[in-house]
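All values below were derived from every heavy atom in this structure, side-chain atoms included, with hydrogens, water molecules and symmetry-related copies excluded.
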Amino acid sequence: MKEFGVDITTDDIIDTLAFFDSWDDRYKYIIDLGKELPPLPDSERIDENIIRGCQSKVWLSAEQREEHLYFQVDSDAFIVKGLLGIVMAAYNSKTPQQILDFDIEAYFAEIDLMRHLSPTRGSGLQAMVARIKTIAAASV
């Protein structure tokens, strides 16, 4: 299975999304991206790993190995799993400082993502990013 942040990068996602003419096709790609996420172990589906502020259930756990952070994520909604894939391409297997330095807003703008999400999905996406940045800040 491909590793987000290593085998699937932000550049890969930007290039692939640019290939599609319609947002219907982009949504299909985003959903397919979510299917590439490794399964989240049941042991990580605990309350402390739930991201508050998401319309769907979203779990995120983090582990630091040497100087890199590795995330495990899942959601009960297909499109949200795809959005998690987009975020994981930016943040997974990076150092805490790389995570804090990465301009996620510019990345989302480049793929024109926020304009195509409902306000609740957009808020949930921001909650995911905030949790990851909090974890990274605590690990610096």
Side-chain angles (χ1 to χ4, degrees):
M1 181 163 278
K2 293 182 177 179
E3 185 177 1
F4 283 79
V6 176
D7 303 311
I8 301 172
T9 66
T10 54
D11 288 340
D12 295 330
I13 289 172
I14 290 166
D15 292 347
T16 304
L17 286 173
F19 175 77
F20 297 112
D21 294 328
S22 76
W23 263 93
D24 283 343
D25 290 335
R26 289 178 181 183
Y27 283 129
K28 288 176 190 167
Y29 167 71
I30 291 169
I31 289 168
D32 286 343
L33 199 58
K35 294 175 184 174
E36 296 282 326
L37 289 170
L40 183 71
D42 288 339
S43 62
E44 296 299 320
R45 293 175 188 272
I46 56 177
D47 282 349
E48 71 184 47
N49 288 342
I50 291 178
I51 298 179
R52 309 285 175 223
C54 293
Q55 182 178 5
S56 308
K57 271 208 169 172
V58 176
W59 295 269
L60 179 134
S61 67
E63 173 187 11
Q64 187 163 357
R65 287 184 249 141
E66 297 175 19
E67 62 271 358
H68 292 85
L69 287 171
Y70 296 88
F71 299 96
Q72 292 183 301
V73 294
D74 199 4
S75 175
D76 59 357
F78 289 119
I79 189 71
V80 175
K81 284 181 81 156
L83 295 173
L84 286 166
I86 288 173
V87 172
M88 287 300 95
Y91 291 143
N92 195 46
S93 75
K94 303 292 189 279
T95 66
Q97 195 60 55
Q98 286 173 318
I99 290 169
L100 295 172
D101 291 345
F102 185 78
D103 188 348
I104 196 82
E105 299 304 326
Y107 172 46
F108 291 161
E110 188 163 355
I111 58 177
D112 199 21
L113 184 63
M114 298 308 277
R115 200 163 58 91
H116 294 277
L117 297 178
S118 69
T120 53
R121 288 259 190 263
S123 294
L125 187 62
Q126 295 298 344
M128 290 178 223
V129 168
R131 171 75 75 86
I132 291 169
K133 286 185 173 184
T134 298
I135 291 166
S139 301
V140 174

* Kindly indicate, with the supporting measurements, whether the criterion side chain to side chain contact (heavy atoms under 4.5 Å, CB included) is fulfilled by I30 and L17. => CA-CA 9 Å; I30 291 169; L17 286 173; 4.3 Å; yes

Without swapping roles, check the side chain of [X] against the backbone of [Y] for a donor-acceptor pair under 3.5 Å.
X	Y	value
N92	G5	no
S93	Y70	no
E44	P41	no

* Asked: Taking atom CG of D15 as the centre, does the number of heavy atoms from other residues, nucleotides or ligands within less than 6.0 Å exceed 12?
  -> yes

* When you look at CD of E110, are more than 12 heavy atoms from neighbouring residues, nucleotides or ligands closer to it than 6.0 Å? -> no

What are the two closest non-hydrogen atoms of [X] and [Y], and how far apart are they?
X	Y	result
L100	K133	CD2-O, 3.6 Å
V140	Q97	CG1-OE1, 3.9 Å
Y107	A89	OH-CB, 4.1 Å
S75	V58	OG-CG2, 3.9 Å
D112	H116	O-CD2, 2.9 Å
G122	L117	N-CB, 4.1 Å

Taking atom [atom1] of [X] and atom [atom2] of [Y], what is their separation to the nearest 0.5 Å?
X	Y	atom1	atom2	answer
I51	I132	CD1	CD1	6.5 Å
F78	L33	CZ	CG	14.0 Å
K94	D101	NZ	CG	12.5 Å
W23	K28	CH2	NZ	14.0 Å
F20	R26	CZ	CZ	9.0 Å
I50	S61	CD1	OG	12.5 Å

Would a hydrophobic clustering, with Ile, Leu, Val, Met, Phe, Trp and Tyr connected at side-chain separations under 4.5 Å, put [X] with [Y]?
X	Y	answer
M114	M88	yes
I13	V129	yes
I111	F4	yes
F102	L83	yes
Y29	I86	yes

Test item: [X] and [Y] side chains (from C-beta on) under 4.5 Å apart, heavy atoms:
X	Y	result
V73	Y91	no
M128	L84	yes
E105	Q126	yes
D7	D12	no
E3	P38	no
L37	D74	no
I31	K35	yes
D25	F19	no

